[in-house]
Amino acid sequence: MPKYYITTPIYYPSANFHIGHCYTTIIADAIARYKRLTGYDVFFQTGTDEHGEKIEKKAQEAGLTPKEYVDKIIENAKDLWASLGISYDYFIRTTDKNHEEAVQKIFKKLYDQGDIYKGEYKGLYCVPCESFWTEAQTVEGKCPDCGRELKLVSEEAYFFKLSKYQDKLIQFYDEHPDFILPLSRKNEMLNNFIKPGLEDLCVSRTSFKWGIPVDFDPKHVVYVWVDALSNYITSLGYPDENSELYQKYWPADLHLVGKEIVRFHTIIWPCMLMALNVPLPKQVFGHGWLKIDGGKISKSLGNYKDPREYINAYGVDAVRYYALREVPFGNDGNFSEEALIARTNTDLANTLGNLVNRTISMAHKYFDGIVTNPEVKESLDEELITSVLNLKDIVETKMNELKVNEAIDEIMEVLRKCNKYIDDTTPWSLAKDETKKDRLATILYNLLESIRHCAIYLSPFIPTTSATIFQELNTNQTSYDTLSHFGNLELNLKLNEPKILFQRIDIK
Ligand code: ME8
């Protein structure tokens with residue numbers, strides 16, 4: 001069985017996750033589910049990034065130790081992922097003992113071989129982003145990522161020889177043209193960061209305590225990004241390169257990350273891995289941001305609701321569907337509740353829900369819900385069947401290119417064709433004529449079988465809805481293999497009663 005290792009970033013623990021945070025995880029979940037469906041042995045990892053000055057400060061404000069603080073709010077991430085149906089295989093916390101020990105070993109190895117050395121750091125640091133910046137990189141003296149004030153820090157520190165790996169990194173990019181997607185992000189990395197010259201990276205701090213101590217010099221804690229990026233291999237058992245998980249799943253097939261952290265994943269992380277002599281991940285995809293009214297989703301602006309409010313109001317699949325369908329993957333997109341409602345109404349209630357409901361209702365009305373197929377075929381059928389059978393290659397191509405929204409739209413297009421097929425064949429008029437009963441049965445079979453195919457294709461995106469459709473169809477034919485043939489829906493089974501899959505939402 002081929003393997004597929006996919007990761008999301010590990011999240012800063014928060015009591016205030018918004019729909020933008022859910023975006024990375026929903027997409028990663030959809031890709032993981034699609035890969036499982038198509039026969040891959042998938043390892044899908046997410047988790048939390050729990051160290052650093054920012055957390056230390058928040059814990060202080062809450063009157064807790066950092067560990068007490070993170071232990072308390074970590075459940076918020078797990079609860080949110082559960083309510084979104086995120087099917088992760090492993091949840092890593094950077095406060096896990098094995099992770100902390102592995103990071104210490106990584107740091108020591110790099111130090112022993114001379115890739116980490118001691119020096120003095122003088123420069124600018126953005127606490128919220130946990131990022132060091134050179135004077136030249138700042139924008140009007142502020143953090144180029146978040147626009148906030150930078151702190152001037154001066155302290156004894158360890159440095160990683162990033163500069164040593166600059167040429168090797170460029171060569172790796174050249175030899176692996178798909179390493180960074182979309183391509184625009186690769187050009188940004190090359191032109192803005194690598195070609196102007198990589199500077200050695202400060203990888204330890206002494207001015208706060210909440211981090212993994214450097215074991216041979218414990219007044220230092222490991223820079224939080226070195227700690228965080230290592231999660232992708234420590235979870236697999238690294239530095240034990242013989243561990244079963246590491247052997248099986250590394251290198252990662254896909255690190256899915258937001259665009260603002262592409263830099264860490266495509267410069268610092270590959271250079272660390274080259275220094276460790278560990279193979280590099282196959283791909284890093286930097287997706288765009290969800291925005292609200294064209295601007296940042298921000299706690300200080302108070303412009304968002306807890307995503308669970310949308311899930312409770314419209315259902316988990318409506319929220320998943322919206323995140324996956326609305327935004328061309330890679331670009332920024334705007335989030336609004338009105339657009340979520342409109343998308344749910346058009347695609348999920350009208351196109352999908354209505355089709356399933358009216359098809360199963362007709363089968364009950366005209367045949368007591370018993371599926372038969374006397375195969376009274378007409379040319380109209382061929383067109384529908386061909387478009388259903390073509391979906392396999394189309395969806396595969398789109399998913400391999402990570403064009404999730406386009407894959408979904410192709411499935412929707414077939415569902416729209418099914419609705420048109422009903423309008424063209426007018427089953428209700430055939431039902432009035434006893435001699436047309438066989439033709440009517442074939443039409444309904446074709447519709448039910450098309451719905452079965454589409455429900456399988458939709459299962460990575462809206463798994464709860466697909467499961468309901470399989471239950472209504474009363475079918476066991478839900479595997480990917482069954483899609484190479486039109487006609488695998490069982491005959492003479494009795495359909496269950498249709499449910500309303502998506503209630504139309506009144507916009508007011
Ligand atoms: O960056 N739209 O964690 P994080 C889309 N701990 N995606 C968004 C978003 C938005 N409005 N807001 C946040 C970190 N995200 C580090 C990662 S990995 C070794 C360490 C995405 O909690 C963001 O782009 O700030 C990132 O992919 C994810 O949420 C976690 O962000």
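Quick note: numbers below take in every heavy atom, side chains included, and nothing from hydrogens, waters or symmetry partners.
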- Message: Within 45 degrees of the ring normal and closer than 6.0 Å to the centroid, is that where the cationic atom of K105 sits relative to Y238?
- Response: no
- Message: With a sphere of 6.0 Å drawn around NZ of K67, does it hold more than 12 non-hydrogen atoms of other residues, nucleotides or ligands?
- Response: yes
- For the student: nearest non-hydrogen atoms of C126 and C146, plus distance: SG-SG, 3.8 Å
- Message: If only side-chain N and O atoms count, and only distance matters, is there a donor-acceptor pair under 3.5 Å linking N16 with Y304?
- Response: no
- Run the numbers on R36 and S87 for side chain to side chain donor-acceptor pair (under 3.5 Å), then give the verdict. CA-CA 11 Å; R36 282 191 205 108; S87 62; 2.9 Å; yes
- Message: Going by salt bridge (Lys or Arg N to Asp or Glu O under 4.0 Å), R205 matches just one of E155, E56, E156. Which one?
- Response: E155
- Item | Cationic N near anionic O, under 4.0 Å, D49 to K54 | no
- Query: Are Y322 and F335 near enough that their ring centres are under 6.0 Å apart?
  - Reply: yes
- Message: Minimum heavy-atom separation for P307 and L80, please, with both atom names.
- Response: CB-CD1, 4.0 Å
- Item | Steps toward salt bridge (Lys or Arg N to Asp or Glu O under 4.0 Å) verdict (D71, R93) | CA-CA 10 Å; D71 281 348; R93 297 182 56 177; 2.7 Å; yes
- Task: Classify the angle between the aromatic ring planes of Y4 and Y40 as parallel (below 30°), tilted (30 to 60°) or perpendicular (above 60°).
- Result: perpendicular
- Has the side chain of D115 got a donor or acceptor atom that lies under 3.5 Å from a matching backbone atom of K161? no
- Task: For the residue pair Q283 and H176, confirm or rule out a side-chain donor-acceptor distance under 3.5 Å.
- Result: no
- Task: Assess whether side chain to side chain donor-acceptor pair (under 3.5 Å) is satisfied between Y125 and E130, documenting all intermediate values.
- Result: CA-CA 7 Å; Y125 190 70; E130 307 275 17; 2.7 Å; yes
- Query: Is there a donor-acceptor pair under 3.5 Å between the side chain of R320 and the backbone N or O of I462?
  - Reply: no
- Message: Looking at R148 and C143, would you say the former's side chain and the latter's main chain have a donor-acceptor pair under 3.5 Å?
- Response: no
- Task: Examine distances only and state if a side-chain atom of S131 and a backbone atom of C129 form a donor-acceptor pair shorter than 3.5 Å.
- Result: yes
- Short side-chain donor-acceptor distance under 3.5 Å, E410 and N390: no
- Item | Side-chain (N191) to main-chain (N187) donor-acceptor, under 3.5 angstrom | yes
- Query: With a 3.5 Å cut-off and no angle check, do the side chains of T482 and Q477 form a donor-acceptor pair?
  - Reply: no
- Item | Candidates D41, D89, D253 - the one meeting salt bridge (Lys or Arg N to Asp or Glu O under 4.0 Å) with K3 | D253
- Would Y12 and E50 count as having a side-chain donor-acceptor pair, cut-off 3.5 Å? no
- Any donor and acceptor pair, going by atom type alone, linking the side chain of Y121 with main-chain N or O of L124 inside 3.5 Å? yes
- Query: Looking at K259 and D332, does any basic side-chain N land under 4.0 Å from a carboxylate oxygen?
  - Reply: yes
- Distance from R325 atom CZ to I408 atom CD1, nearest 0.5 Å? 7.5 Å
- Message: Can a side-chain donor-acceptor contact be found between Y11 and T25 if the only test is distance below 3.5 angstrom?
- Response: yes
- Task: Would you check if there is a donor-acceptor pair between the side chains of S466 and S459 at a distance under 3.5 Å?
- Result: no
- Between K108 and D215, is there a side-chain N and carboxylate O pair less than 4.0 Å apart? no
- Side-chain donor-acceptor pair present, T266, R185, cut-off under 3.5 Å: no
- In Å and rounded to the nearest 0.5 Å, what is the NZ to CD1 distance from K305 to I297? 13.5 Å
- Item | Atom pair CZ (R308) and CG (N312), whose distance is rounded to the nearest 0.5 Å | 9.0 Å
- From the options F160, Y158, F159, select the one residue that forms a ring pair (Phe, Tyr, Trp, His ring centres under 6.0 Å) with Y117. F159
- Query: Any chance the side chains of W289 and E260 put a donor and an acceptor closer than 3.5 Å?
  - Reply: yes
- Query: Rounded to the nearest 0.5 Å, how far does CZ of F91 lie from NZ of K78?
  - Reply: 5.5 Å
- Query: Counting only N and O atoms by type, is there a donor-acceptor contact under 3.5 Å from the side chain of E53 to the main-chain atoms of V127?
  - Reply: no
- Message: Are W210 and H51 packed together at the side-chain level, in the sense that at least one heavy-atom pair is separated by less than 4.5 angstrom?
- Response: yes
- Just by distance, with hydrogens left out, do D227 and H99 show a side-chain donor and acceptor under 3.5 Å apart? yes
- Tell me, do N488 and T475 make a side-chain contact under 4.5 Å, heavy atoms counted? no
- Query: Looking at OH of Y223 and CD1 of I116, how far apart are the two atoms once the value is rounded to the nearest 0.5 Å?
  - Reply: 13.0 Å
- Item | Ion pair check, K97 and E100, cut-off under 4.0 Å | yes
- Query: Which word best sums up how the rings of W269 and H255 line up, parallel for under 30°, tilted for 30 to 60°, or perpendicular for over 60°?
  - Reply: tilted
- Query: Could you state the interatomic distance from CG (N231) to CD (Q45), rounded to the nearest 0.5 Å?
  - Reply: 5.0 Å
